[in-house]
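Keep in mind the model is a prediction, meaning the values are calculated, not measured. No hydrogens, no waters, no symmetry mates; every other heavy atom, side chains included, goes into these values. Residues take their numbers from the sequence shown, with the count starting at 1. Order of listing sets the numbers, starting from 1, for every ligand and every atom in it.
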Amino acid sequence: MSDKTKEFDVIIIGGGIAAHTAALYTARADLNPLVIAGFEPDQLSLTTLVENFPGFENGVDGPKLIENSKKQAQKFGARYIQENADSFKIISGGNKKSNLFEIEAGGKTYRSKTVIISTGASARKLKIPGEDKFFGRGVSTCAVCDAALYKGKITAVVGGGDSAMEETLALYKFAKKVYLIHRREEFRASKIMQDRILKLSKNKDKLEIIWNTEVTEVLGDKKVTGIKIKNIKTNKTSEIKTDGFFLAIGHTPNTSIFKNEINLDKEGYIITDKLSRTNIPGVYAAGDVQDPVFKQAITSAGAGCQAAIQAERYIEHLKAERKY
Ligand code: NAP
């Protein structure tokens with residue numbers, strides 16, 4: 001049977017730790033899941049050492065954790081295709097009355113009785129002049145990926161959360177100087193990450209924190225040459241020379257294809273109940289796409305497990321009701 005006509009029990013949309021965990025559980029439950037993993041790398045694939053995933057005394061490399069989780073799911077029969085999901089539709093279950101879902105990806109149509117949405121979240125941008133123009137030419141959302149390109153150069157990071165701390169630490173290893181620019185005078189990041197940064201910033205020549213400041217423009221010719229900044233308290237504007245500008249101001253959930261069918265909160269996160277259920281029976285969500293609060297690797301993995309168990313129970317329920 002071709003993918004065009006085949007109806008799956010479970011389709012998982014996404015390629016991060018929540019998706020791989022859901023794939024592992026549903027594969028082990030003999031539900032033959034199809035994982036539609038998009039092209040955008042997941043958060044863990046863009047990180048280096050993960051120190052807070054239990055079971056790894058000395059930490060674990062983020063991309064390795066993802067690769068291993070995928071292989072583990074595949075070992076139990078999960079099938080993967082690498083395509084972006086372009087659309088999501090609820091279609092009638094016909095006489096059987098249960099929902100059926102249709103997903104288009106890479107020009108093909110896939111149908112499933114249940115769907116687990118784990119599409120994650122994408123890096124936010126400031127929407128300031130020069131940001132798009134110089135994206136990939138000095139503007140980046142992933143210092144961990146690009147840090148080595150900035151050996152001996154000047155760099156600037158914007159943000160005050162754990163991502164900003166992590167980006168700054170990544171750049172610190174290579175760059176001549178890192179500016180860390182934050183709009184308040186207190187970081188949001190976890191204490192351990194803040195402490196690392198504050199300690200390193202004692203050497204201002206190498207790491208300088210600029211508080212109460214926003215970035216208003218990215219400057220450049222062929223590539224980034226500097227940024228314009230404004231102190232929020234004094235309104236004083238100035239320019240900083242920099243070769244790289246790194247955005248670390250959080251993420252926006254990837255929910256655009258679901259917004260007509262699935263209930264979202266005001267920030268665009270999928271609303272789920274304690275049992276990972278969305279407003280549509282048979283559709284579950286797990287990971288950063290439904291979690292505006294914790295957003296940790298371990299909570300995403302846990303959510304993927306929950307959603308998988310729920311999908312399995314739902315399929316069992318359909319069988320018992322003879323709607324299968
Ligand atoms: P976040 O915690 O939401 O922090 C975003 C930061 O960007 C905040 O400091 C925020 O400022 C600032 N910001 C937001 N919009 C801005 C704007 N328009 N202009 C200027 N600044 C702006 O996001 P995150 O750092 O990506 O972290 C997300 C989650 O992942 C967190 O739960 C974090 O703990 C987790 N994480 C963990 C690790 C780790 O454990 N190693 C690493 C990375 C991420 P305000 O503070 O003023 O709101």
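Of the protein's heavy atoms, D162 OD2, 3.4 Å lies nearest to atom 33 (C) of ligand 1. Scanning the protein for heavy atoms near atom 20 (C) of ligand 1, the closest one is R183 CD, 3.7 Å. Protein heavy atom at the shortest distance from atom 41 (N) of ligand 1 is E166 OE2, 3.3 Å. Protein heavy atom at the shortest distance from atom 24 (P) of ligand 1 is S163 OG, 3.2 Å. Closest to atom 32 (O) of ligand 1, if we only count protein heavy atoms, is F294 O, 3.2 Å. Of the protein's non-hydrogen atoms, N52 ND2, 3.2 Å is the one closest to atom 40 (O) of ligand 1. Given atom 31 (C) of ligand 1, the protein heavy atom at minimum distance is Q296 NE2, 4.2 Å. What sits closest to atom 1 (P) of ligand 1 on the protein, heavy atoms only, is R188 CD, 3.9 Å.
Judged purely by distance below 3.5 Å, without hydrogens or angles, the side chains of S276 and Q310 never pair a donor atom with an acceptor atom.
Within ligand 1, counting atoms from 1 as listed, the ones closer than 4.0 Å to a heavy atom of A248 are 7 (O). Which parts of ligand 1 touch R184 is read off a 4.0 Å heavy-atom cut-off, strictly below it: atoms 45 (P), 46 (O), 47 (O). Listed by number with element, the atoms of ligand 1 under 4.0 angstrom from any heavy atom of H251 are 26 (O). Listed by number with element, the atoms of ligand 1 under 4.0 Å from a non-hydrogen atom of G160 are 6 (C), 7 (O), 8 (C), 9 (O).
S190 does not count as a contact of ligand 1, since none of its heavy atoms falls under 4.0 Å from the ligand. Under the 4.0 angstrom criterion for non-hydrogen atoms, H182 is in contact with ligand 1. Using 4.0 Å as the threshold, M165 has no heavy atom nearer than that to any atom of ligand 1. The closest approach between E214 and ligand 1 stays at or above 4.0 Å for every heavy atom of the residue.
Rounded to the nearest 0.5 Å, atoms CG (L180) and CG (L200) are 11.0 Å apart. Rounding to the nearest 0.5 Å gives a distance of 12.0 Å between CG of L264 and CD of Q290. With values rounded to the nearest 0.5 angstrom, T168 atom OG1 is found 13.5 Å from Y179 atom OH.
When the heavy-atom distances from atom 12 (C) of ligand 1 to I249, L247, I128 are ranked, the shortest goes to I249.
Of the possible polar contacts, one joining the N254 side chain to the T119 backbone as a donor-acceptor pair under 3.5 Å is found. Although no hydrogens or angles enter the test, the distance criterion places no donor-acceptor pair under 3.5 Å between the side chain of T114 and the main chain of A311.
Neither Y172 nor L247 shares a network with the other; the hydrophobic side chains, linked directly or stepwise wherever heavy atoms of I, L, V, M, F, W or Y lie under 4.5 Å apart, form separate groups for each.
A cation-pi contact, defined as under 6.0 Å to the ring centre and within 45° of the axis, is absent between K153 and F174.
Each of F134, Y150, F135 was compared with F246 under the ring pair (Phe, Tyr, Trp, His ring centres under 6.0 Å) criterion, and only Y150 meets it.
The distance between the ring centers of H20 and Y80 falls below 6.0 angstrom.
Within the 4.0 Å heavy-atom criterion, both parts of K295, backbone and side chain, lie near ligand 1. At a heavy-atom cutoff of 4.0 Å, ligand 1 is contacted by no atom of V50, backbone or side chain. Heavy atoms of V215 found under 4.0 angstrom from ligand 1: none, in either backbone or side chain. Within the 4.0 Å heavy-atom criterion, neither part of A189 lies near ligand 1.
Considering every non-hydrogen atom in both A85 and I13, the closest pair reads CB-CG2, 3.7 Å.
Side-chain atoms of V283 and I117, non-hydrogen and from C-beta on, do get closer than 4.5 Å to each other.
Inclusion of G159 in the set of residues having an N or O under 3.5 Å from an N or O of ligand 1 is not warranted.
Applying the disulfide (SG to SG under 2.5 Å) test to every pair with at least one member in residues 130-175, sequence neighbours left out, gives these pairs: C142-C145.
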